[in-house]
Amino acid sequence: MKNLLSMLLVFSFLFTIGCEDDDATTSDTLVGVWNMTSIAVVYDGATTTIDASNDYSIVIIFNEDGTFSNQGVMEGESHSETGTWSTQGNKLTTIVEEDGDTVTDIWDYTLSGSSFSMSISETDDNGDIWTYTYNFTKG
C-alpha cells in the first residue's frame, strides 16, 4: 500500500509539472499596452531625441489575436491607426490600411521586460536615410 501511495504521489508531481502553463515561461511579450517615452531620429550622423510630451505622445496596444491599435499626438496632430502585427526573430511587421492602400512596415525591435523599442529607416526623395526609433514602457 505504501508503494502505491508513493507512486501516486510521484505521478501527481510529474503530472503537475507537465501541465504548467507554457505562457508563464515567456514573460517578455509584446501583447499589452505600451506608452511612448521618446523618439530618436538619426539623420546625417546626428541623433535628435524627442521626449514624450503634449506634442509627441503615442499609446500602442498589441492584442493577442495579432491586431494592434495606436493613438496619440505626433507633431501636435492627432494620430490613430489600427492594423495587424506579427514577429519573426527581431523583426516586427505591421500592416495598416492607409488612404485605400495597404502599408506594410518591417521594424527592428527589442524587448526587455517592460521596455520596448522599434526602429525603421526610410529614404527621402533626396536619397537621404532617416532612422526613427520609438521607445516605450509597458503600462
Side-chain angles (χ1 to χ4, degrees):
M1 182 71 166
K2 192 173 185 176
N3 284 339
L4 180 60
L5 185 58
S6 295
M7 286 179 36
L8 285 174
L9 189 60
V10 169
F11 179 76
S12 296
F13 177 73
L14 292 174
F15 181 78
T16 302
I17 291 173
C19 292
E20 283 185 22
D21 185 0
D22 291 340
D23 292 337
T25 60
T26 57
S27 62
D28 287 344
T29 179
L30 282 178
V31 173
V33 178
W34 296 90
N35 298 300
M36 188 185 80
T37 57
S38 65
I39 305 168
V41 181
V42 178
Y43 168 72
D44 200 25
T47 301
T48 302
T49 300
I50 304 166
D51 291 327
S53 67
N54 289 337
D55 289 330
Y56 293 90
S57 174
I58 295 177
V59 175
I60 189 167
I61 302 168
F62 291 104
N63 300 304
E64 287 185 26
D65 65 0
T67 61
F68 79 94
S69 63
N70 69 49
Q71 62 183 5
V73 178
M74 290 301 293
E75 296 179 334
E77 300 285 326
S78 291
H79 170 82
S80 68
E81 65 185 3
T82 60
T84 61
W85 69 278
S86 62
T87 60
Q88 185 170 5
N90 70 335
K91 302 293 184 188
L92 166 65
T93 301
T94 58
I95 302 171
V96 298
E97 293 293 322
E98 201 173 273
D99 300 325
D101 294 324
T102 301
V103 178
T104 301
D105 288 317
I106 300 174
W107 304 77
D108 291 319
Y109 85 97
T110 58
L111 176 64
S112 178
S114 62
S115 297
F116 160 61
S117 296
M118 52 194 275
S119 299
I120 197 163
S121 295
E122 298 177 349
T123 304
D124 67 17
D125 293 338
N126 297 324
D128 297 323
I129 298 172
W130 296 73
T131 301
Y132 302 90
T133 301
Y134 295 81
N135 300 298
F136 296 87
T137 57
K138 202 159 201 173

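Reckoned from all heavy atoms, side chains included, excluding hydrogens, waters and symmetry mates.
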Taking the side chain as everything from C-beta on, heavy atoms only, tell me whether [X] gets closer than 4.5 Å to [Y].
{"X": "V73", "Y": "N54", "answer": "no"}
{"X": "Y56", "Y": "E75", "answer": "yes"}
{"X": "F116", "Y": "F62", "answer": "yes"}
{"X": "E81", "Y": "T94", "answer": "no"}

Shortest non-hydrogen contact from [X] toward [Y]:
{"X": "I58", "Y": "F136", "answer": "O-CE2, 4.1 Å"}
{"X": "L111", "Y": "L30", "answer": "CD2-N, 3.9 Å"}
{"X": "K138", "Y": "G32", "answer": "CE-CA, 4.1 Å"}

Flag yes if more than 12 heavy atoms outside I61 fall under 6.0 Å of its CD1 atom; otherwise flag no.
yes
Has E97 got more than 12 heavy atoms of other residues, nucleotides or ligands less than 6.0 Å from its CD?
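Buried by this count: over 12 neighbours within 6.0 Å.
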With a 4.5 Å cut-off on side-chain heavy-atom distances among I, L, V, M, F, W and Y, is there a chain of contacts connecting [X] to [Y]?
{"X": "Y109", "Y": "V59", "value": "no"}
{"X": "I120", "Y": "V103", "value": "yes"}
{"X": "V96", "Y": "I106", "value": "no"}

Ring-ring centroid check F68 W85, cutoff 6.0 Å
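Centroid separation for F68 and W85: 6.0 Å or greater.
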[X] side, atom [atom1]; [Y] side, atom [atom2] - distance, nearest 0.5 Å:
{"X": "W130", "Y": "E122", "atom1": "CH2", "atom2": "CD", "value": "10.5 Å"}
{"X": "L92", "Y": "S119", "atom1": "CG", "atom2": "OG", "value": "10.5 Å"}
{"X": "T137", "Y": "N35", "atom1": "OG1", "atom2": "CG", "value": "5.5 Å"}
{"X": "S115", "Y": "W34", "atom1": "OG", "atom2": "CH2", "value": "7.0 Å"}
{"X": "M74", "Y": "D55", "atom1": "CE", "atom2": "CG", "value": "10.0 Å"}

Going by distance alone, is a donor N or O of one side chain under 3.5 Å from an acceptor N or O of the other, for T82 and S69?
no
Set of residues satisfying side chain to side chain donor-acceptor pair (under 3.5 Å) with respect to D65, sequence neighbours excluded:
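If we apply the side chain to side chain donor-acceptor pair (under 3.5 Å) test to D65, skipping adjacent residues, the hits are T67.
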Hey, does the side chain of D124 reach the backbone of G127 with a donor-acceptor pair shorter than 3.5 angstrom?
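Flag set: sc D124 to bb G127 pair under 3.5 Å.
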Applying the side-chain hydrogen bond (donor to acceptor under 3.5 Å, both in side chains) criterion to S117, which one of D108, T37, N135, T133 satisfies it?
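Exactly one option meets the side-chain hydrogen bond (donor to acceptor under 3.5 Å, both in side chains) with S117, and it is N135.
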What donor-acceptor contacts under 3.5 angstrom involve side-chain atoms of residues 42-50, with partners at least two apart or in another chain?
unit_1: Y43; atom_1: OH; unit_2: D128; atom_2: OD2; d: 3.2

